[in-house]
Amino acid sequence: VCDYAPMQDFTDLGLSLAVARAFAALGFEAPTEIQSLAIPAIMARRDAYVSSATGTGKTFAYLAPIISSLDLGSRSLQAVVVTPTHDLAAQIERETARLAEAAGLEVRMTSALGSIPLKRQLERLAEKPHVLVGSAGRIRDLALGGHIDLSACAWAVLDEADRLFENEAIDITSELLSALPGTCCRLLVSASLPNRTVE
């Protein structure tokens, strides 16, 4: 009964019952402002800029609708989360596991980082993850090398998007975006989004 009110708040945003229950189980009393704004848009498969201060719940603002919408019976890659650093990729992988576990959902995920030897990377990909988290360069290389199939990818998240569009990274990021299917929902996430990044 105590969990009902927060759970109701999250189901009102369109999230699945399992993910709404996960928020309540993790102790969230209500969606944050950015979650209230972003979750319905992402559930509707709309491209979005997700920008708010650090610590306001941006990661769960995109992970919750993605996890709510995954086809867990499929062996297709359905979401990629691109980050500029290995530390951020590891953090997002942990948060994905935490939310999925609290929801009681068996979400397969793996990381794709330049520091992982290719043979080991391909072994992980053989498990057919639903979600792939990693660096733009490694995900692009795996896609162009035919090691991952992005044709069923429904969401592409660029976390810390401002850094992924800096001069030294913009070509790689652009190539990765070009490799995504036209139906893929693109999400730019950052504490601050400069005008040049939005453009």
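Fair warning: this is a prediction, and the values are worked out from it, not measured in the lab.
Once rounded to the nearest 0.5 Å, the distance linking NE2 of His130 with CE of Met109 reads 11.0 Å. Rounded to the nearest 0.5 angstrom, Arg98 CZ and Leu63 CG are separated by 10.5 Å. Between the CZ atom in Arg140 and the CG atom in Asp171 there is a gap of 9.0 Å [rounded to 0.5 Å]. Taking CD1 of Ile139 as the start and CG of Leu132 as the end, the distance is 4.5 Å to the nearest 0.5 Å. The CG atom of Leu142 sits 7.0 Å away from atom CG of Leu118, with the distance rounded to the nearest 0.5 Å. Distance NE2/His147 to CD/Gln121: 9.5 Å, rounded to 0.5 Å.
Of all heavy-atom pairs spanning Val107 and Ala100, the tightest one is CG2-CB, 3.8 Å. A pairwise comparison of heavy atoms in Ala191 and Ser51 identifies O-OG, 3.5 Å as the closest pair. The two atoms that bring Ile39 and Ala61 nearest to each other are CG1-O, 3.5 Å, heavy atoms only. Closest approach of Ala22 and Ala103 over heavy atoms only: CB-N, 3.5 Å. Nearest heavy atom pair, residue Leu188 against residue Ala161, reads CB-CB, 4.0 Å. In terms of heavy atoms, Gly114 sits closest to Ser135 at N-OG, 4.0 Å.
Both Leu99 and Leu105 sit in one connected hydrophobic cluster of ILVMFWY residues. Membership requires side-chain heavy atoms under 4.5 Å apart, directly or through other members. When the side chains of ILVMFWY residues are joined at heavy-atom separations under 4.5 Å, either directly or via intervening members, Leu187 and Ile172 end up in two distinct hydrophobic clusters. By the rule that hydrophobic residues join a cluster once side-chain heavy atoms approach within less than 4.5 Å of another member, Ile170 and Leu144 end up as members of separate clusters. Criterion: ILVMFWY side-chain heavy atoms under 4.5 Å apart, direct or through other members. Under it, Leu37 and Phe23 are not part of a common hydrophobic cluster. Placement of Ile66 and Leu72 within a single hydrophobic cluster is found when ILVMFWY residues are connected by side-chain heavy-atom separations under 4.5 Å, directly or transitively.
For the residue pair Arg124/Ser111, the side-chain donor-acceptor check at 3.5 Å is satisfied. Side chains of Thr85 and Thr83: a donor-acceptor N/O pair is absent below 3.5 angstrom, by distance only.
A donor-acceptor distance shorter than 3.5 angstrom exists from the side chain of Thr173 to the backbone of Leu164, with no hydrogens or angles considered. In this structure, the side chain of Thr32 engages the main chain of Thr56 through a donor-acceptor pair within 3.5 Å. In this structure, Lys128 contributes its side chain and Ser74 its backbone to no donor-acceptor pair below 3.5 Å. A donor-acceptor pair is defined here as one N or O able to donate and one able to accept, closer than 3.5 Å; no such pair exists between the side chain of Ser76 and the backbone of Gln78. Side-chain N or O atoms of Gln35 include one that pairs as donor or acceptor with a backbone N or O of Gly57 at under 3.5 Å. Judged purely by atom type and a 3.5 angstrom limit, Asp47 uses its side chain to pair as donor or acceptor with the backbone of Arg186. Counting only distance, with no hydrogens or angles, the side chain of Glu33 and the backbone of Ser52 share no donor-acceptor pair below 3.5 Å.
Between Leu15 and Met43, some side-chain heavy-atom pair lies under the 4.5 Å cut-off. Here the side chains of Arg46 and Cys185 are not in contact, with every heavy-atom distance at 4.5 Å or above.
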Which pairs would a plain distance check flag for residues 153-160, meaning a side-chain donor or acceptor within less than 3.5 Å of a matching protein atom at least two apart in sequence or in another chain?
| from | atom 1 | to | atom 2 | distance (Å) |
| --- | --- | --- | --- | --- |
| Asp159 | OD2 | Tyr62 | OH | 2.6 |
| Glu160 | OE1 | Arg163 | NH1 | 3.0 |

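Of the charged side-chain nitrogens involved, none lies within less than 4.0 Å of a carboxylate oxygen, so that Arg120 and Glu123 do not count as a salt-bridged pair. Classification of Glu127 and Arg108 as a salt-bridged pair fails, no side-chain N sitting under 4.0 Å from a carboxylate O.
Below 30°, between 30° and 60°, or above 60°: for Phe28 and Phe10 the angle between ring planes is above 60°, a perpendicular geometry.
A 6.0 Å sphere centred on CD of Glu168 holds more than 12 heavy atoms belonging to other residues, nucleotides or ligands. Annotation for Glu101: atom CD does not count as buried by contact number, only 12 or fewer foreign heavy atoms lying within 6.0 Å.
When each of Val81, Val131, Val82 is tested with Ile92 by the rule side chain to side chain contact (heavy atoms under 4.5 Å, CB included), just one qualifies, namely Val81.
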Starting from the C-alpha separation in whole Å, work towards a yes-or-no answer on side chain to side chain contact (heavy atoms under 4.5 Å, CB included) for Leu26 and Phe60. CA-CA 12 Å; Leu26 292 170; Phe60 277 171; 4.3 Å; yes
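Hydrophobic cluster membership of Leu113, counting Ile, Leu, Val, Met, Phe, Trp and Tyr whose side-chain heavy atoms lie under 4.5 Å apart directly or via other members: Ile116.
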